[in-house]
*Asks:* 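Sharing a structure below in structure tokens format, with a few things to ask.
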Amino acid sequence: MVITLPELPYKKEALAPHISAKTLEIHHEKHHNAYVTNLNALIENTDLMGQPLESIITRTAGDPKQSGIFNNAAQVWNHSFYWQSMMPGGGGLPTGSISRKIESDLDGYGAFIEKFKNAALTQFGSGWAWLVLKNGKLDIVKTSNAETPLSQGVKPLLTVDVWEHAYYLDYQNRRGDYVDAFVRNLINWDFVNSNMT
Ligand code: MN3
């Protein structure tokens, strides 16, 4: 079994004007695909070949000798999770059980937005901001480069990619405007709810 590049869950034009078709095309077909290609080359003829992606990530996390494999595997997983974290016509107020959980664990939607945007904006350099479930409670965390909460014993619910390649064509240096657009117009709350169960 080789690791394959998943299709985007929507057409590449579907998130415009918040994320352009050009950004999605390069991000998916070039960046995400490169991590898939690199990973398959690195695990060829090792005992990681044929393993599910999640177990490749947990088995190589924290091992400096396996950092090439970890970085590519985690980036494959993080990007697949990021595509699903968005939908056309998404964003705005949460629905379903995550809505009540945000009220009880994060002091409400306004506080969620503030904390999530703060994590995304204060991640120095490349990385990710996440909504996660940690010991049954919601938390907001950021990770550097390829690091993923998946290998840190918490359950990822939502992510935004804050590597420059995710927004530079559309927003140049204005990461805050990109994160604003993500929160207001793109978050797929159905996906977040499905990750809660
Ligand atoms: Mn990316």
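Counting starts at 1 for both ligands and their atoms, in listed order. These numbers come from a predicted model, not from an experiment.
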*Asks:* Taking the six-membered ring for Trp, is the centroid-to-centroid distance between Tyr82 and His27 below 6.0 Å?
*Replies:* yes
*Asks:* Roughly how far, to the nearest 0.5 Å, is CZ of Arg175 from OH of Tyr167?
*Replies:* 4.0 Å
*Asks:* With a cut-off of 2.8 Å, does any N, O or S atom of His27 fall short of it relative to the Mn ion (ligand 1)?
*Replies:*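 Looking at His27, which is the residue asked about, there is an N, O or S atom under 2.8 Å from the Mn ion (ligand 1).
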*Asks:* Name the orientation class of the two ring planes belonging to His28 and His32 (parallel below 30°, tilted from 30 to 60°, perpendicular beyond 60°).
*Replies:* perpendicular
*Asks:* Go through the side-chain N and O atoms of Trp128 and Gln75 and say whether any donor and acceptor fall under 3.5 Å apart.
*Replies:*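 Judged by distance alone, the side chains do pair up.
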*Asks:* With carbon and hydrogen excluded and only N/O/S kept, which atom of Asp161 is nearest the Mn ion (ligand 1)?
*Replies:* OD2
*Asks:* Can you tell me if His165 has an N, O or S atom under 2.8 Å away from the Mn ion (ligand 1)?
*Replies:* yes
